[in-house]
Amino acid sequence: MCGMASAESTQASVHEREPVRPTKEDEVAAAGSELIGGPLGRRALLGSSWWTPVRVIALVAIGMFALGLVQKAPCYNGAWFFGASSQYTHSCYSDIPHLYQGRGFADGLVPYFDRLPGDMQYLEYPVLTGVFMEVASWLTPGSGTIQDQEQWYWMVNAGMLMVCAAVIVVCVTRTHARRPWDGLLVALAPAAALTATINWDLLAVALTAAAMLMWSRGRSLAFGVLLGLATAAKLYPFLLLGPLMVLCWRAGRWREFGTALGGAIVAWVVVNGPVMLFAFEGWSKFYTFSQERGVDFGSFWLIMAQNSDDPLSTDTVNTLATLLMLVCCAAVAALALIAPRRPRFAQLAFLIVAAFILTNKVYSPQYVLWLVPLAALARPKWRDFLIWQACEVAYFLGIWLYLAYTTSGEAHKGLPTDGYHWAIGLHLLGTLYLCVMVVRDIFMPDRDPVRRSGDDDPSGGVLDGAEDVFVLGPAARPRRHVADARCDGPPVEWGKPGPTGGSL
């Protein structure tokens with residue numbers, strides 16, 4: 001008969017157990033390890049080498065990032081500058097070199113304060129991303145042709161973004177202390193390597209990953225500050241506060257949540273306040289542009305618009321997309337309160353960001369970067385992760401081939417509209433598939449790879465092993481156990497209300 005492991009005993013014994021070996025628990029990881037000599041043996045000496053998991057994974061991530069730079073070589077050598085569609089046929093497009101001149105950096109204009117010539121009057125990025133772009137322009141040599149400067153600008157940004165990529169994998173590797181090798185999911189993600197230098201999203205992703213690490217260590221103020229900075233670089237990180245609030249509600253950890261929320265607000269205001277005060281019109285451009293932007297690439301709204309004789313207006317889409325997102329938020333909150341065992345923070349963080357991506361009116365290919373670290377923490381299963389990544393790579397190729405088709409005139413080189421719709425469908429289905437797997441893990445904790453290895457919520461910080469004080473539905477019933485019929489891992493215990501009551 002299988003023994004039982006409670007959340008409290010799990011937390012108490014976490015330091016007494018050895019790190020989880022993915023080649024022992026994951027069939028795909030075991031098969032892939034044959035390329036480097038096979039699974040780790042039981043007599044292997046762990047921790048006796050300079051090659052620690054963090055160092056190995058960081059080097060792998062840098063290597064994959066470098067491969068992504070090589071993939072952009074056809075564009076660097078000319079496709080960004082000559083020919084309307086060649087950057088799409090080579091699938092090597094990047095916003096970075098084009099915006100060096102297009103957003104006034106080549107002319108020394110100050111973002112948000114100086115009006116830009118052309119249709120875009122001000123820089124349409126959040127303040128911290130604008131600072132990142134400006135710093136890169138300071139490091140770009142001002143001599144040579146504009147093409148030389150744009151090439152340098154891309155290279156400088158690539159170097160800065162590579163630091164962000166390394167920060168991401170180090171933070172993910174350290175967040176789940178007993179599962180460091182899960183960081184390889186992030187380091188080896190093909191869609192991440194392909195999209196890393198399309199835009200500046202890695203800055204916000206790095207700050208979010210660092211925030212998750214701080215929360216896992218019980219440092220709620222540092223988490224809040226980093227999440228506030230991440231939100232000052234990209235809008236999506238603030239979504240993590242919603243799931244965290246509901247989890248802290250269920251566990252009665254309001255003080256820690258209040259500290260995190262306060263830190264996030266202060267950090268965001270410190271970054272945005274001066275620009276908001278002295279250049280409000282330029283500061284607000286990101287928000288007005290997001291509101292006024294029509295249905296765009298990668299969304300199911302685009303499929304509807306391109307197959308309709310009377311497409312919905314932008315205002316209608318904004319309203320419907322907001323309502324859909326609110327429904328998803330309510331569903332995630334309900335899931336957090338009725339699940340038999342309190343969901344892990346990373347699981348709900350992944351679901352809420354995935355919901356935003358699925359309901360949004362635009363999906364740029366680099367948005368996959370938002371989900372990669374969260375997916376590795378929420379569902380560290382190689383098979384499911386690679387299925388999702390295959391769908392994202394297909395979409396990455398699909399959008400560029402579609403743009404090649406629309407910009408090649410009568411030649412029609414690339415993917416027609418119907419083919420692009422199939423690529424969007426693959427992206428949507430792949431993301432939904434991973435969401436379904438995460439939700440299944442929440443309702444059936446014995447299938448969760450993290451909890452099957454004996455942990456409760458290693459990314460949960462103060463939530464890890466905490467008692468429930470407020471639950472709804474079946475979770476409020478007296479405790480009972482779930483045993484896995486295969487008994488090849490520690491069984492997990494259903495959630496339970498704490499002694500202070502409050503369950504309905």
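Values below: all heavy atoms of this structure, side chains included; hydrogens, waters and symmetry mates excluded.
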Visitor: If you measure from CG on L99 to CE on M133, what distance do you get to the nearest 0.5 Å?
Guide: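 Here the rounded value is 5.5 Å.
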Visitor: For the side chain of Q87 and the backbone of C75, is there at least one donor-acceptor N/O pair under 3.5 Å apart?
Guide: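 No; judged by distance alone, with no hydrogens or angles, the pair does not exist.
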Visitor: Could you check whether any side-chain heavy atom of Y363 comes within less than 4.5 Å of a side-chain heavy atom of L428, counting everything from C-beta outward?
Guide: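 SC-SC contact between Y363 and L428 ruled out.
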Visitor: Determine whether L229 and W268 make a side-chain contact, defined as any pair of heavy atoms from C-beta on separated by less than 4.5 Å.
Guide: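 Not touching, per the 4.5 Å side-chain cut-off.
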Visitor: So does D441 pair up with R447, basic N to acidic O under 4.0 Å?
Guide: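 R447 and D441: not salt-bridged.
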Visitor: What's the separation between atom CD1 in I168 and atom CG in L161, rounded to the nearest 0.5 Å?
Guide: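 Between atom CD1 of I168 and atom CG of L161 there are 9.0 Å.
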Visitor: Does the salt bridge (charged side-chain N to carboxylate O under 4.0 Å, His left out) test come out yes or no for R342 and D457, once each step is laid out?
Guide: CA-CA 9 Å; R342 187 173 56 249; D457 187 3; 5.7 Å; no
Visitor: Would you check if the side chain of W215 reaches a backbone N or O of G460 as a donor-acceptor pair within less than 3.5 Å?
Guide: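 At least one qualifying donor-acceptor pair exists.
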Visitor: Keeping E134 on the side-chain end and T129 on the backbone end, is there a donor-acceptor pair under 3.5 Å?
Guide: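 No; judged by distance alone, with no hydrogens or angles, the pair does not exist.
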Visitor: With a 4.5 Å cut-off on side-chain heavy atoms, are P343 and I442 touching?
Guide: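 Side chain of I442 against side chain of P343, heavy atoms only: contact under 4.5 Å found.
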Visitor: Assess whether atom CZ of R440 is packed by more than 12 heavy atoms of other residues, nucleotides or ligands within 6.0 Å.
Guide: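 Result for CZ/R440: enclosed.
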Visitor: Do NZ/NE/NH1/NH2 and the carboxylate oxygens of R341 and D456 come within less than 4.0 Å?
Guide: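 Salt bridge flag = yes for D456 with R341.
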Visitor: Has W254 got more than 12 heavy atoms of other residues, nucleotides or ligands less than 6.0 Å from its CH2?
Guide: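 More than 12 heavy atoms, drawn from other residues, nucleotides or ligands, come within 6.0 Å of this atom.
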Visitor: Please confirm whether the backbone N or O of V54 pairs with a side-chain atom of T173, one donor and one acceptor, at under 3.5 Å?
Guide: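 No, the answer is negative, given that no donor and acceptor are paired below the 3.5 Å cut-off.
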Visitor: Let's go through H427 and F396 carefully: what are the C-alpha distance in whole Å and the side-chain angles of both, what is the deciding distance for ring pair (Phe, Tyr, Trp, His ring centres under 6.0 Å) to 0.1 Å, and is it a yes or a no?
Guide: CA-CA 9 Å; H427 145 65; F396 173 84; over 10 Å; no
Visitor: Any salt bridge linking D446 with R451? Criterion: basic side-chain nitrogen under 4.0 Å from a carboxylate oxygen.
Guide: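 No.
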Visitor: Report yes or no: does Y395 contribute a side-chain atom to a donor-acceptor pair with the main-chain N or O of P365 at less than 3.5 Å?
Guide: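 Flag not set: sc Y395 to bb P365 has no pair under 3.5 Å.
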Visitor: Looking at D296 and K361, does any basic side-chain N land under 4.0 Å from a carboxylate oxygen?
Guide: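 Salt bridge: no.
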Visitor: Please check if the side chain of S364 supplies one atom and the backbone of Q366 the other of a donor-acceptor pair under 3.5 Å.
Guide: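 No, because the side chain of S364 does not come within donor-acceptor range (under 3.5 Å) of the backbone of Q366.
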Visitor: Do side-chain atoms of R178 reach the backbone of S453 as a donor and acceptor pair under 3.5 angstrom?
Guide: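 Present.
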Visitor: Report yes or no: does W301 contribute a side-chain atom to a donor-acceptor pair with the main-chain N or O of T359 at less than 3.5 Å?
Guide: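 Yes, because the side chain of W301 sits within donor-acceptor range (under 3.5 Å) of the backbone of T359.
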Visitor: Can L401 and Y88 be said to form a side chain to side chain contact (heavy atoms under 4.5 Å, CB included), step by step?
Guide: CA-CA 6 Å; L401 290 176; Y88 303 132; over 6 Å; no
Visitor: Is it the case that Y367 and N360 place a side-chain donor and acceptor less than 3.5 Å from each other?
Guide: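 Absent: no donor and acceptor within the cut-off.
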Visitor: For F223 and F345, take the angle between the two ring planes, folded into 0 to 90°, and tell me which bin it lands in: parallel under 30, tilted 30 to 60, perpendicular over 60.
Guide: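 Geometry flag for F345 against F223: perpendicular rings.
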Visitor: CZ of F238 to CD1 of I352: how many Å apart, nearest 0.5 Å?
Guide: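 Between F238 CZ and I352 CD1, I get 9.0 Å after rounding to 0.5 Å.
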Visitor: Nearest 0.5 Å, what's the CG-CG distance between L348 and L239?
Guide: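 Nearest 0.5 Å value for the CG-CG distance: 12.5 Å.
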Visitor: With distance as the sole criterion, is a donor-acceptor pair present between the side chains of Y112 and Y125 under 3.5 Å?
Guide: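 Side chains of Y112 and Y125: no pair found under 3.5 Å.
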Visitor: At what distance, to the nearest 0.5 angstrom, does CG of L429 lie from CH2 of W422?
Guide: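 L429 CG to W422 CH2: 9.0 Å, rounded to 0.5 Å.
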Visitor: Which heavy-atom pair separates A136 from V156 by the least distance, and what is that distance?
Guide: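 Looking at all heavy atoms of both residues, the shortest contact is O-CG1, 3.7 Å.
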Visitor: Identify, with sequence neighbours excluded, every residue that meets side chain to side chain contact (heavy atoms under 4.5 Å, CB included) alongside S216.
Guide: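 With neighbours one apart ignored, the set is T175, L213.
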Visitor: Just say parallel, tilted or perpendicular for the rings of Y420 and F297, cut-offs at 30° and 60°.
Guide: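 Perpendicular, since the angle between the ring planes exceeds 60°.
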Visitor: Measuring from S220:OG to L261:CG, what's the distance to the nearest 0.5 Å?
Guide: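 With rounding to 0.5 Å, OG (S220) is 11.0 Å from CG (L261).
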Visitor: Could you check if a side-chain atom of T197 sits within less than 4.5 angstrom of a side-chain atom of K72, using non-hydrogen atoms only?
Guide: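 In short, these two side chains touch, coming nearer than 4.5 Å.
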Visitor: Does W388 form a ring pair (Phe, Tyr, Trp, His ring centres under 6.0 Å) with Y433? I'd like the steps, not just the answer.
Guide: CA-CA 7 Å; W388 169 59; Y433 169 76; over 10 Å; no
Visitor: Run through K285, R293, R103 and flag the one making a side-chain hydrogen bond (donor to acceptor under 3.5 Å, both in side chains) with E124.
Guide: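 Going through K285, R293, R103 one by one, the side-chain hydrogen bond (donor to acceptor under 3.5 Å, both in side chains) with E124 is satisfied by R103 alone.
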Visitor: When you compare the side chain of R344 with that of H176, does any pair of heavy atoms fall below 4.5 Å?
Guide: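 Answer yes - side chains close enough.
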Visitor: After noting the C-alpha distance and the side-chain angles of D182 and R179, does the key distance pass the salt bridge (charged side-chain N to carboxylate O under 4.0 Å, His left out) rule?
Guide: CA-CA 6 Å; D182 289 343; R179 304 183 60 92; 2.6 Å; yes
Visitor: Sub-3.5 Å donor-acceptor pair from the side chain of K234 to the main-chain atoms of L203, do we have one?
Guide: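 Pair absent, no side-chain N/O of K234 close to backbone of L203.
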